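Predicted model, so just to flag it, every value in this text is computed and none were measured.
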Amino acid sequence: MSLNLNQVSLLQNVTRYWNNRAEGYSRHNQQELQSIKRLKWQQLLLAHAPKKQNLKVLDIGTGPGFFAIIMAQAGAQVTAIDATSNMLEQAKYNAAQAMVDIRFVRGDVHHLPFADERFDLIISRNVTWNLSEPEQAYKEWHRVLKCGGNLLNFDANWYLFLYDEQRRRAFEQDRATTIRLNIPDHYADTDTSAMEAIARKLPLSRQLRPHWDMNALLNIGFSQLMADTRIGEFLWDDEEKVNYRSTPMFMIVAQK
């Protein structure tokens with residue numbers, strides 16, 4: 001399956017947006033690598049990884065490389081893919097600083113340039129909501145995952161508030177709470193109008209998740225699915241919990 005012209009244009013808009021945000025997003029990842037979050041995330045990913053030597057990991061939508069780096073530090077053989085050239089440059093720099101060896105690939109996560117059943121573990125954070133064809137992407141991820149391998153996907157209903165007035169009010173309350181508590185608003189340095197314009201064209205912005213994902217993954221052929229809608233309580237710090245109270249992070253674990 002190939003993307004139509006509208007989907008290609010949407011992918012280009014998403015890529016352009018994240019290219020522009022690469023440097024700031026990388027600074028955030030660098031802070032995570034220097035905090036307790038590095039160990040928390042690493043322990044969680046390893047807990048859901050197949051127990052084997054020479055673990056082959058694919059980090060989808062690696063951004064500045066946080067997941068790729070912490071898994072390489074754990075001894076895994078890591079491949080990381082992203083459509084965004086600026087993000088990959090930041091990821092390569094961060095990997096060099098961490099002194100880890102990672103194979104970085106620029107490519108479209110809807111159409112992966114890898115052989116069938118190549119990886120033991122696929123990991124992704126805050127990527128699927130950006131996709132123009134999320135079901136097609138999930139099919140590709142299933143294709144390159146080994147039998148018995150796991151997919152770990154972390155995401156949230158980031159822009160469902162565009163279609164739900166109650167969620168819109170909750171989102172605005174989060175912004176007001178950051179002011180009241182004198183906490184940095186994580187949306188303050190983003191072009192929210194540009195991102196909302198893109199999000200309105202993305203199919204998952206209007207879907208209730210992870211319910212949509214679980215159904216899609218089952219239809220594709222994944223088994224032993226599990227979703228944790230409170231994983232942010234373990235992974236997020238107090239500042240993040242205030243900023244994203246209305247958009248809690250979820251974790252999906254799906255085995256092939």
Determine, for [X] against [Y], whether the closest basic-nitrogen to carboxylate-oxygen distance falls under 4.0 angstrom.
| X | Y | answer |
| --- | --- | --- |
| R175 | D185 | yes |
| K40 | E32 | no |
| D116 | R143 | yes |
| E196 | R168 | yes |

Any side-chain heavy-atom pair of [X] and [Y] under 4.5 Å:
| X | Y | value |
| --- | --- | --- |
| M214 | H211 | no |
| V242 | W236 | no |
| F67 | L45 | yes |
| R103 | Q77 | no |
| I252 | L217 | yes |
| N126 | W158 | yes |
| V105 | T79 | yes |
| I81 | T62 | no |

| Does a donor on one side chain and an acceptor on the other come within less than 3.5 Å for D213 and T128? |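 Looking only at side-chain atoms, T128 and D213 do not form any donor-acceptor pair under 3.5 Å.
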| said: Pairing donors with acceptors under 3.5 angstrom, does anything connect the side chains of N153 and Y138? | reply: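 Per modelled atom types, N153 and Y138 side chains form a pair under 3.5 Å.
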Look only at the side chain of [X] and the backbone of [Y], and say whether a donor-acceptor pair between them is shorter than 3.5 Å.
| X | Y | result |
| --- | --- | --- |
| W141 | V109 | yes |
| K256 | H142 | yes |
| D120 | L55 | no |
| D164 | L160 | no |
| R209 | D155 | no |
| N150 | H48 | yes |
| Q136 | H110 | yes |
| D82 | G65 | no |
| E240 | D237 | yes |
| E140 | L112 | yes |

| Can you list the steps and then say if F119 with F114 is a ring pair (Phe, Tyr, Trp, His ring centres under 6.0 Å)? | CA-CA 9 Å; F119 301 99; F114 310 118; 5.3 Å; yes
Non-hydrogen atoms of [X] and [Y] that approach each other most closely:
| X | Y | result |
| --- | --- | --- |
| A95 | I69 | N-CD1, 3.7 Å |
| R200 | L162 | NH2-CD2, 3.6 Å |
| L121 | A49 | CD2-CB, 3.7 Å |
| E239 | P184 | OE1-CD, 3.6 Å |
| K241 | G232 | CE-O, 3.9 Å |
| P50 | G149 | CG-CA, 4.3 Å |

Hey, what do you get for [atom1] ([X]) to [atom2] ([Y]), rounding to the nearest 0.5 Å?
| X | Y | atom1 | atom2 | value |
| --- | --- | --- | --- | --- |
| E133 | H111 | CD | NE2 | 8.0 Å |
| L204 | N130 | CG | CG | 9.5 Å |
| D59 | I123 | CG | CD1 | 4.5 Å |

| request: Assign the ring pair Y159 / F161 to parallel, tilted or perpendicular, where the plane angle (0 to 90°) is split at 30° and 60°. | output: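 Rings of Y159 and F161: tilted, 30 to 60°.
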| request: Any chance you could lay out the side chain to side chain contact (heavy atoms under 4.5 Å, CB included) test for K56 and V78, step after step, and finish with the verdict? | output: CA-CA 6 Å; K56 292 180 173 61; V78 181; over 6 Å; no
| query | Is the centre of the F171 ring less than 6.0 Å from the centre of the Y244 ring? | reply |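 No, they do not, as the ring centres are separated by 6.0 Å or more.
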| said: Please identify which of these residues, D174, N157, T177, meets the side-chain hydrogen bond (donor to acceptor under 3.5 Å, both in side chains) condition with S246. | reply: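 Exactly one candidate clears the test, D174.
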